[in-house]
Student: 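Pasting in a structure now, in structure tokens, and then I'll have a few things to ask.
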Amino acid sequence: MPVFALVDCNSFYCSCEELINPKLKGRPGVVLSNNDGMAVAINRLAKELGIGLDAFHLNRSKWDSMGVWYRSSNYPLYAEMSGRVMSTLKTFSPLVELYSVDEAFLDITGVQDYEAYGRLIKQTIEQWCGIPVSVGIARTKTLAKLANHLAKKSKKNRSGVISLVDSPYMEAALKRVPVQSVWGVGYRWGERLRHNGILTAHDLAMANRNWLLKKFNVVLTRTALELGGTFCLPLNLHPPTSKSIMHSMSFGRLLTELKELRQVLSTYAAASAEKMRREELACTWVYVFLETNRFRDEPQYNPWIKLQLPHATDFTPEITEYALHGLEDIYKDDYRYNKGGVLVHGLIPAGERQTNMFDPWDREKVARINQALDGVNSIFGPGTMRLGSQGFRNSNWRTRANHLSSITAPGKGSEFQHNPRMVELGQSVPLYRSL
DNA sequence: TCTGGGGTCCTAGGACCC
DNA sequence: TCTGGGGTCCTAGGACCC
């Protein structure tokens, strides 16, 4: 029987901001979504004040009066810190699944004292990376998630580490967790389960499997099995190749003009294509969508279109061309648009593309153009070299980020300089360049 | 002015094939 | 009683995750 540790960074984005600006520590704080729209990360003190995923513009003055700090999201910073945490985790087990930007599953089967190992992991991450984490340890991933949940919540056990391996408290632990807090049970299923008298993780673990299978599906049945200690979900050690890549964002303001929308969607198409090339993929479908602002009392229109390409491609101008054709098909001039996006789908390895005798492009030339484009943009920043249709960099439809953290000099005022070990891991350069 | 962005998996039903 | 049956592929929609 395997043993898994789930290591999860506490309020990750907030912790990153507090790390580069220690003055924020000890105060309630939130990190805002793109466009400074709403809080997407909330630190412990802010949660205790009752702050949730709330709209920024509706709460700003209240937060000010409560002494809450806020920051626009700074994704390059979080990616950098995530890399440091994950590299550190890999020194504790060769089997690590990078589950998300701020959490990872480790296979730590065979360790002598699981709880002590968990504490060592926690201490090391905090010492080397400056990010507080919680650790949950158990025999299945779902139980490790649950243990982690308890480690974050527990008032009795403040160590931030809980092991449920062969634990006499297993049943008590399962009874303390409401069913909708179980990993894999969302709002909908939580409601349905509660209607059927299944209120806690323990109830779900005890539920009749055939009934679950019939009333729900195999996913939830697997979750129930895992809660009961039956190992169903293995570690995914290799990141699966993407099945789709999307780029979408709310606009800086409501847009009505086709001309402006063309610029926005060109930019999103280029971003999707770039990400696709980074993963060495090519797409066979392009989806384009627009949305009006659902929070406004005005005519709503949320069209989308799907375009099949005659051959797989990873070439920005080609993908942009299709995306703009799609845009013209779905665009109506009597609406005010709030959001849009481009998704590439039907992804195949770029090296396995079929050639097409009617292909208007010289593929060798295309490859060289891609290389030049990505090369320039990787050095000088995204969007440095771009299509004319993408418009200017300072176009006012671009999203807001008015509360970005800044670092004036590498390490200055932060804890980076005290972490010689992280220099060894060799990941500090991109942060400063991208900031 | 102002409410996130980016994904995955499963299932049911229809089209189509022999 | 019984109007073929088995199989695949595709898609839309619904659920979930961070």
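Predicted model, so just to flag it, every value in this text is computed and none were measured. Values reported hereafter were calculated over all heavy atoms of this structure, with side chains retained and with hydrogens, waters and symmetry mates removed. Residue numbers begin at 1 in each chain, while the letters A, B, ... track the order of the sequences.
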Student: What's A:R253 touching, base or sugar-phosphate or nothing? Going by heavy atoms closer than 4.0 Å.
Tutor: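 A:R253: no heavy atom of the nucleic acid under 4.0 Å.
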Student: Determine, for A:R253 against A:E260, whether the closest basic-nitrogen to carboxylate-oxygen distance falls under 4.0 angstrom.
Tutor: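 So A:R253 pairs with A:E260 through a salt bridge.
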Student: If I pick the C1' atom on B:dC16 and the same atom on C:dG4, what distance separates them, to the nearest angstrom?
Tutor: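 Going atom to atom, C1' in each nucleotide, I get 16 Å.
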Student: Would you say A:N148's side chain and A:L146's backbone share a donor-acceptor pair under 3.5 angstrom?
Tutor: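 It does not hold such a pair.
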Student: Give the nucleotide from the list C:dA15, B:dG6, B:dC2 with an atom nearest to the side chain of A:M246.
Tutor: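 Nearest to the side-chain atoms of A:M246, counting from C-beta on, is B:dG6.
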Student: Rounded to the nearest angstrom, tell me the gap between atom CZ in A:F56 and atom C1' in B:dT3.
Tutor: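 Atom CZ in A:F56 sits about 12 Å away from atom C1' in B:dT3.
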Student: Report the nucleotide, chosen from C:dC18, B:dC2, B:dT8, that has the shortest atom-to-atom distance to any side-chain atom of A:K145.
Tutor: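 Taking heavy atoms from C-beta onward, the closest nucleotide is C:dC18.
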Student: Side chain of A:K275, heavy atoms from C-beta onward: which of B:dC10, B:dG6, B:dG5 has the nearest atom to it?
Tutor: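 Between B:dC10, B:dG6, B:dG5, the one nearest the side chain of A:K275 would be B:dG6.
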Student: From C-beta outward on A:K306, which listed nucleotide comes closest to its side chain: C:dT11, C:dC16, C:dC18?
Tutor: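 Of all the options, the side chain of A:K306 is nearest to C:dT11.
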Student: Nearest 0.5 Å, what's the OH-CG distance between A:Y70 and A:L24?
Tutor: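 Atom-to-atom, A:Y70:OH and A:L24:CG are 12.0 Å apart.
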Student: Can you check whether A:N35 has a side-chain N or O nearer than 4.0 Å to OP1 or OP2 of B:dC2?
Tutor: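 Answer no for this pair, as no side-chain N or O of A:N35 is under 4.0 Å from OP1 or OP2.
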Student: Quick one: label A:V101 by what it contacts on the DNA or RNA (base, sugar-phosphate, nothing), any heavy atom closer than 4.0 Å.
Tutor: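 Since no nucleic acid heavy atom lies under 4.0 Å of A:V101, the category is nothing.
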Student: Out of curiosity, A:S272 OG to A:I319 CD1, how far, rounded to the nearest 0.5 Å?
Tutor: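 The CD1 atom of A:I319 is 8.0 Å from OG of A:S272, to the nearest 0.5 Å.
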Student: For the side chain of A:M38, counting heavy atoms from C-beta on, which of C:dC18, B:dC10, B:dT3 is nearest?
Tutor: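 Nucleotide nearest to A:M38's side chain: B:dT3.
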Student: What is the nucleic acid contact for A:S73, judged by heavy atoms within less than 4.0 Å: base, sugar-phosphate only, or nothing?
Tutor: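 Counting heavy atoms under 4.0 Å across all strands, no contact is made by A:S73.
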Student: Nearest-Å distance, CD (A:E103) to P (C:dC18)?
Tutor: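 That distance rounds to 6 Å.
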Student: Among B:dT3, C:dT11, C:dC18, which nucleotide has an atom closest to any side-chain atom of A:H57?
Tutor: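 Given the options B:dT3, C:dT11, C:dC18, the side chain of A:H57 is closest to B:dT3.
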Student: Taking only the side-chain heavy atoms of A:S33 (C-beta and beyond), determine which of C:dA15, B:dT3, B:dG4 contains the nearest atom.
Tutor: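 Among C:dA15, B:dT3, B:dG4, the one nearest the side chain of A:S33 is B:dG4.
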Student: If you check the A:W189 side chain, which of C:dC16, B:dC10, C:dC17 turns out closest?
Tutor: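 In terms of side-chain proximity for A:W189, the closest of C:dC16, B:dC10, C:dC17 is C:dC16.
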Student: Any idea which of B:dC2, B:dT11, B:dG7 is nearest the A:R400 side chain?
Tutor: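 Closest of the options to the side chain of A:R400: B:dC2.
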Student: Using 0.5 Å steps for rounding, measure from the CZ atom of A:R262 to the OG atom of A:S389.
Tutor: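 Taking CZ in A:R262 and OG in A:S389, the distance rounds to 7.0 Å.
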Student: When both hydrogen-bonding distances must be under 3.5 Å and the geometry is Watson-Crick or G-U wobble, what is B:dC18 paired with, if anything?
Tutor: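 Answer to the pairing question: C:dG5, which forms a Watson-Crick or G-U pair with B:dC18.
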Student: Nearest to the side chain of A:W304, which nucleotide is it out of C:dA12, B:dG4, B:dT3?
Tutor: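 Shortest atom-to-atom distance from the side chain points to C:dA12.
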Student: Using a 4.0 Å heavy-atom cut-off across all strands, classify A:Y99 as base, sugar-phosphate, or nothing.
Tutor: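 Sugar-phosphate: the residue A:Y99, judged by heavy atoms under 4.0 Å, touches backbone atoms but no base.
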Student: Please work out if A:N293 contacts a base, only the sugar-phosphate, or nothing of the nucleic acid, heavy-atom cut-off 4.0 Å.
Tutor: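 Since only primed, P, OP1 and OP2 atoms lie under 4.0 Å of A:N293, the category is sugar-phosphate.
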Student: Does A:H247 make a side-chain N or O approach to OP1 or OP2 of B:dG6 shorter than 4.0 Å?
Tutor: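 So the side chain of A:H247 is within the cut-off, an N or O lying under 4.0 Å from OP1 or OP2 of B:dG6.
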Student: Within this structure, what is the CZ-to-P distance between A:F12 and B:dG5, rounded to whole angstrom?
Tutor: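 The distance from CZ of A:F12 to P of B:dG5 comes to 20 Å, rounded to the nearest Å.
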